[in-house]
Amino acid sequence: MKVELSRLASFAKEQGFIFPSSEIYEGVGGIYDYGPLGAELKRRIADLWWRAMTQLHENIVGLDSAILMHPRVWEASGHVEAFHDPLVDNKVSKKRYRVDTLIEDYAQQLEERARRETEKKLRKKESIIPLEEALVRHGDYQRAQRLRSQLNTAMAQKDWEALSRLLVEEKVPCPESGSTEWTAVRQFHLMFTTQLGALADEAQDIYLRPETAQGIFVDFPLVLKTARLKVPFGIAQIGKAFRNEIIARQFTFRMREFEQMEMQFFVRPGSEGEWYEYWKHHRRRWHEHLGLHPANLRFKDHEHLAHYAKAATDIEFAFSFGFKELEGIHSRTDYDLSRHALYSGKKLEYYDETLGQSYVPYVIETSVGLDRVVLAHLSQGYTEEMAPTAEGGQELRTILKLHPLLAPIQVAVFPLVRKEEFVQKARLLYEELRYHFPTAYEEKDSIGRRYRRYDAKGTPFAITVDGQTLEDETVTVRDRDSLAQIRLPMHQVRPYLQERLDIAQWLRTL
RNA sequence: GCGGGAGUAGCUCAGCCGGUAGAGCAUCAGCCUUCCAAGCUGAGGGUCGCGGGUUCGAAUCCCGUCUCCCGCUCCA
């Protein structure tokens, strides 16, 4: 039973995990804010990723590069070229095409047809007129030429209206449906632009990065030099990225402003295969050990590889709307570093002492969407189940079953009832525990209500001070998922919790 | 982008044969309460998504628009 996205969104809003951005102004599509609990959850996930990468691998270092970078970076990376294309949708087939390739392909078809027909005709007539000469008189050939010249003119002038007219006037059909009903041609900019420089007339267009990876590639020589690294080594970075998605959908799954956790691992050419396998499995293990169920995860190898990639796989999670990408692991060859070497004119090579030669390292990339990991944990953790009531009946209980290390509030301390002696003891315990764990104290409402309230926040441990505490200094520790309680001496509570909320121990399992 | 559904209190929703808004939960104050969303008293909180139209009067009828959700489509 998968929780519906709409239910999850309202739960996340109600509990303070995720809010729609600028809600009092009607919101902004595809942008969300993290509330008090969401901010905690998100930073815990980020922290465990950071530790798993940098702390656990002596050859991986961190980086925090700026969102704004030199515009040439995005020319080198291919983003400028790849994402400024005019697009059009066919109304019948619902397919979306790049207008230039659509028209070019159609022109090509027309020309081929004209050529075939003309050849046939000439052969039949046993004519001695040269093919090229006869061809120019063929209507389809003329149309093809006309299409091309108008396409080139419109593209050069970025005149999308002219392209729209061209599609209609020349009745360019959809390759899929044959339909000639098109939406207006529109240019989509994947990248957000802003201006560098305070004075408008001196300002230069600059992009908000669409991925954090390029900061790593661009800083490659500086990191290499200052961190005294030897191949193989990695650079890890967590940061915001921005994509002007045409349609932002599925809650926080596809956002226009989002956070990536990327690690680029630089290896000797020829060894990329084994490192690709290593990172594939290491990264999947990380997700599993944070509590994502193996059955909810799968690898999905890319069938069509990007031009720079040698191999690529996604780690997918079973969201309510299907298995979707959480993380990509890509074998990117030396494409990025070579491109930046070309565009910058700088050498981006590594001198390998053991080989006695220089080379451009190959790169294995692990790139995970932090927001998607948050969403995965909320999706999987959100649970509604029947629980016993005080009267002996059954009632629906809402629990957020997060891994204890991810819980925004890890411990809650309650006096069983709001009685001065209980309150004093409970406050004492709270004051001690807060130095070690994110801890909450609550005395309002009945104990049952308080338990349920913290179940919904994902708090794994609830400590209660009761009558017996006054006699023998013991308290109860309640487990969120099983509802089971154990009784511990007060002074043992901290070590008990520390054992269960120990990051070092968790890291050892990776 | 297309099709369907929905926007009323923080959340879930009722009210919609037109007469200027209600419930439960949540929040706050207090009482009561010895282990799983108990009870009582009181309080705060709403431009009924937005704009326009019809009307003496619109949450309710009409038009437009925005946003969200679901499906399809798209996604370096």
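The sequence lines fix the lettering, A, B, ..., with proteins before strands; numbering per chain opens at 1.
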Quiz item: For B:rA38, does either OP1 or OP2 sit under 4.0 Å from a side-chain N or O belonging to A:Ser446?
Solution: yes
Quiz prompt | Atom-pair distance (CG on A:Asp445; P on B:rC36), nearest Å | solution = 15 Å
Practice problem: Calculate the interatomic distance between A:Gln15 atom CD and B:rU12 atom P; express it in whole Å. | Solution: 12 Å
Exercise. Could you let me know what B:rA59 is paired to, Watson-Crick or G-U wobble, both distances under 3.5 Å, or none if it's on its own?
Key: none
Using the [atom1] atom in both, what is the distance from [N] to [M], to the nearest Å?
{"N": "B:rC48", "M": "B:rA21", "atom1": "C1'", "value": "8 Å"}
{"N": "B:rG24", "M": "B:rG19", "atom1": "P", "value": "23 Å"}
{"N": "B:rC11", "M": "B:rC74", "atom1": "C1'", "value": "34 Å"}
{"N": "B:rC70", "M": "B:rU54", "atom1": "P", "value": "39 Å"}

Taking any heavy-atom pair under 4.0 Å as a contact, classify [X]: base, sugar-phosphate, or nothing.
{"X": "A:Gln468", "answer": "nothing"}
{"X": "A:Phe414", "answer": "nothing"}
{"X": "A:Phe253", "answer": "nothing"}

Exercise. Look at the aromatic rings of A:Phe242 and A:Phe192 and report parallel, tilted or perpendicular, splitting at 30° and 60°.
Key: perpendicular
